[in-house]
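Note that the numbering runs from 1 along the sequence shown for the chain.
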Amino acid sequence: QVQLEESGGGLVQAGGSLRLSCAASGRTFSTYLSWFRQAPGKEREFVATISWSGGTVFYADIVKGRFSIFRDNAKNTVYLHMSALKPEDTAAYYCAATYEFRRDPNEYRYWGQGTQVTVSS
């Protein structure tokens, strides 16, 4: 079992930055921690993932170069630093955990409750 809790969402102007945090607990060893997002009326989409060691990182093309994912295993926390934010980045952002790298949200068993990010134009 893995428990996840996101924080750090909010309202930001286009071009601004925001950092999301996800505190993990339980069986976190060797997990991939990922961020997904879901805008109203749209499917949940993959944003980024990072391996336990931090040596493996993948980003969705739409956020590459603007978002950074990193984790602090001593604090059992994964972060998503978002910069150059666009109105189309507006969504509920979710943290998820798995033991093998996956992009498909249907293959994730452990989810946080989500945190809202709203980017105004």
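- Residues forming a side-chain contact (heavy atoms from CB on, under 4.5 Å) with E43 (at least two apart in sequence, or on another chain): none.
- Between the side chain of T90 and the main chain of T118, no donor-acceptor pair closer than 3.5 Å is present.
- Every residue was checked against the ring-ring contact (aromatic ring centres under 6.0 Å, His included) condition with Y99, not counting sequence neighbours, and none meets it.
- Within the 3.5 Å criterion, the main-chain N or O of G55 finds a donor-acceptor partner in the side chain of S53.
- Closest of all the heavy-atom pairs between E5 and Q113 is CA-OE1, 3.7 Å.
- The shortest distance between side-chain heavy atoms of I50 and F58 does not fall below 4.5 Å.
- Side chains of Q38 and Y94 form a contact here, defined as non-hydrogen atoms less than 4.5 Å apart.
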Could you tabulate the donor-acceptor pairs under 3.5 Å formed by side-chain atoms of residues 79-86, not counting sequence neighbours?
| unit_1 | atom_1 | unit_2 | atom_2 | d |
| --- | --- | --- | --- | --- |
| S83 | OG | R66 | O | 2.7 |

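- Under the 4.5 Å side-chain criterion, counting only non-hydrogen atoms from C-beta, E6 is in contact with W35.
- For E45, the side-chain contact (heavy atoms from CB on, under 4.5 Å) partners are R37, I62, not counting sequence neighbours.
- Looking at residues two or more places apart in sequence or on another chain, you find a side-chain hydrogen bond (donor to acceptor under 3.5 Å, both in side chains) between Q3 and S25.
- Remark: K64 engages Y59, D61 in a side-chain contact (heavy atoms from CB on, under 4.5 Å) (not counting sequence neighbours).
- Considering all non-hydrogen atoms of both residues, A97 and L33 come closest at CB-CD2, 3.6 Å.
- Side-chain contact, D72 with T77: no donor N or O sits under 3.5 Å from an acceptor N or O.
- A 6.0 Å sphere centred on CZ of R27 holds no more than 12 heavy atoms belonging to other residues, nucleotides or ligands.
- In this structure, the side-chain contact (heavy atoms from CB on, under 4.5 Å) partners of D104, at least two apart in sequence or on a different chain, are N106, E107.
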Return all side-chain donor-acceptor pairs below 3.5 angstrom for residues 11-22, not counting sequence neighbours, or 'none' if the list is empty.
none

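- Applying the side-chain hydrogen bond (donor to acceptor under 3.5 Å, both in side chains) criterion to N73, with sequence neighbours excluded, gives R71.
- Listed by chain and number, the residues in a ring-ring contact (aromatic ring centres under 6.0 Å, His included) with F36 are F46, Y108, W111 (sequence neighbours excluded).
- A 4.5 Å side-chain heavy-atom check between C95 and V78 finds at least one atom pair inside the cut-off.
- Here Y110 pairs with nothing under the side-chain hydrogen bond (donor to acceptor under 3.5 Å, both in side chains) rule; sequence neighbours left out.
- Cluster membership for Y32 and V57, using ILVMFWY side-chain heavy atoms within less than 4.5 angstrom, is not shared.
- One hydrophobic cluster, built from ILVMFWY side chains closer than 4.5 Å, cannot hold both F101 and W52; they sit in different ones.
- Smallest separation of non-hydrogen atoms from T115 and G9: OG1-N, 3.1 Å.
- The disulfide bond (SG atoms under 2.5 Å apart) pairs that include a residue from residues 31-85 number zero, where partners must be two or more places apart or lie in different chains.
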